[in-house]
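Working notes, structure below.
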Amino acid sequence: MSELSSPSKVFNLFKEFNFHTNKKLGQNFLIDSNIISKIISAADLRSEDLVVEIGPGLGVLTQSIADEVSRVLSIEIDRKLQPILEVNLKEYSNTKVIFQDALKTDFDRLVYAEAGGKSRSYKVIANLPYYITTPLLMHILESKFNVELIVIMVQREVAERMTAPPGKKDYGALSVAVQYYTEPEIICRVPKTVFIPAPEVDSTVIRLIKRKLPPVQLKSEKLFFNLVRTAFNQRRKTVLNAMQGSNWGLMKEEWKIILEKAGIDPMRRGETFSLQDFAMLSNCVYETLKELSTVYQEGEQIPLY
Ligand code: SAM
């Protein structure tokens, strides 16, 4: 196991390289070999795997991943970490660090170039600042990158939202999106004390296995997600009131017919809807708009989180 999981080694590195952690970049470095082992085992690494790591920091996870797989591409935004990473990854010839913003990275293109102009699937492992976790995940999932699975450290509450079933208070647009694209599973809880410096919140390691086929058949994915957003944006309203008050250009009577066709009680709240309920509803809306010869436009984009 990496000697970087020792606090004294980390403090020595800070001193030697005159490095100061940047709170804005969420630089809380992991120092617990047990948690590192759990992340590695959750990713079910094989020697032939290619792993894209996001936010290598000092390289503690990078070293452990590199011990298991043929190639690790790490994306780090902070160039000040370059001299430290050069030293810590000197012995790991199967690693490469790319200094850029992961949120602006086309992961497939990066892997394509690395694999000598061939498309291939890969795994993603990330321990990132929490404010970019959700945008990054949505970037990976919505872009439909060729990712097999993602193991990521997230704020505890975010892991609960991702895995929440319909009807629970944490269930929302993020739960639907994550559960539509992946099968999420909580791996372990992580206390603040295993980081230098300690963050303000507790964390959870979560694994998201990308689905090979969508769990529901949709006539329009965009329409589905716009409906989900509309429903959760007004989560205290019944679905009839939420839809009718939204920007869909359909009258209350039309919504009643749509809901009846979809077999959905108009008095239910969207927060109780399963993926199947949202799919039924969105497919019925799609058919109605088609009958009315209304070309479906994306409409107002309501933020997902
Ligand atoms: N993986 C290391 C560990 O477990 O100790 C470091 C984790 S630290 C929580 C987050 C890392 O992500 C930092 O090194 C930070 O500089 C990097 N980072 C922050 N924003 C980033 C972004 N947009 N793209 C790539 N890396 C980013």
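Remember, predicted model here, so these are calculated numbers, not experimental data. Counting starts at 1 for both ligands and their atoms, following the listed order.
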Proximal atoms of ligand 1 relative to Gly57 (non-hydrogen, under 4.0 Å): 6 (C), 14 (O)

Number the atoms of ligand 1 from 1 as they appear, then name those within less than 4.0 Å of a heavy atom of Asn28, with their elements. 7 (C), 8 (S), 9 (C)

Salt-bridge criterion met for Glu185 and Arg207 (N-O under 4.0 Å): yes

Of all the atoms in ligand 1, which lie at a distance below 4.0 Å from a heavy atom belonging to Ile132? 20 (N), 21 (C), 22 (C), 23 (N)

Donor-acceptor pair between Gln27 and Asp78 side chains, under 3.5 angstrom: yes

Scan side-chain atoms only and decide if Glu148 and Ser121 contain a donor-acceptor pair under the 3.5 Å cut-off. yes

Report the residue from Val111, Asp106, Thr105 that forms a side-chain contact (heavy atoms from CB on, under 4.5 Å) with Arg109. Asp106

In this structure, which one of Tyr181, Phe107, Tyr112, Tyr122 forms a ring pair (Phe, Tyr, Trp, His ring centres under 6.0 Å) with Phe145? Phe107

What protein heavy atom sits nearest atom 5 (O) of ligand 1, and how far away is it? Leu30 N, 2.9 Å

For atom 6 (C) of ligand 1, the protein heavy atom that lies nearest, with its residue and separation: Gly55 O, 3.3 Å

What is the closest protein heavy atom to atom 16 (O) of ligand 1, and at what distance does it sit? Glu76 OE2, 2.5 Å

By side chain to side chain contact (heavy atoms under 4.5 Å, CB included), which residues pair with Thr163, not counting sequence neighbours? Pro184, Ile186, Ile206

Note: heavy atom closest to atom 25 (C) of ligand 1, options Ile77, Leu81, Leu58, belongs to Ile77

I'd like to know if Gln100 contacts ligand 1, where contact means a heavy-atom distance under 4.0 Å to any ligand atom. yes

Is there a donor-acceptor contact under 3.5 Å linking the side chains of Asp277 and Ser274? yes

Residue and atom name of the nearest protein heavy atom (relative to atom 23 (N) of ligand 1), distance in Å to one decimal: Asp101 OD1, 2.8 Å

Ligand 1 atoms in contact with Leu25 (distance to a heavy atom under 4.0 Å): 15 (C), 16 (O), 19 (C)

Give the atom numbers and elements of ligand 1 that come within less than 4.0 Å of a heavy atom of Ile75. 25 (C), 26 (N)

For residues 39-46, run the donor-acceptor check on the side chains, cut-off 3.5 Å, and write out each pair with its distance to 0.1 Å, sequence neighbours left out.
residue	atom	partner	partner atom	Å
Asp44	OD1	Arg46	NH2	3.1
Asp44	OD2	Arg46	NH2	2.8

Just to confirm my output: which protein heavy-atom neighbour is closest to atom 8 (S) of ligand 1, and how far is it? Gly26 O, 3.3 Å

Sub-6.0 Å ring centroid separation between Tyr180 and Phe225: yes

Atoms of ligand 1, numbered as shown, that sit under 4.0 Å from any heavy atom of Val60: 3 (C), 5 (O)

Report the part of Asn127 (side chain from C-beta onward, or backbone N, CA, C, O) that has a heavy atom under 4.0 Å from ligand 1; answer both or neither where that applies. both

Protein residue, atom and distance nearest to atom 24 (N) of ligand 1, heavy-atom basis: Ala102 N, 2.9 Å

Parallel, tilted or perpendicular: rings of Phe273 and Phe278 (30°, 60°): tilted

Measuring from the heavy atoms of Leu136, does anything fall under 4.0 Å of ligand 1? no

Should Gln27 be counted as touching ligand 1, given the test is an N or O pair under 3.5 Å? yes

Describe, in one word, how the ring planes of Phe232 and Tyr171 are oriented to each other, choosing from parallel (under 30°), tilted (30 to 60°) and perpendicular (over 60°). perpendicular

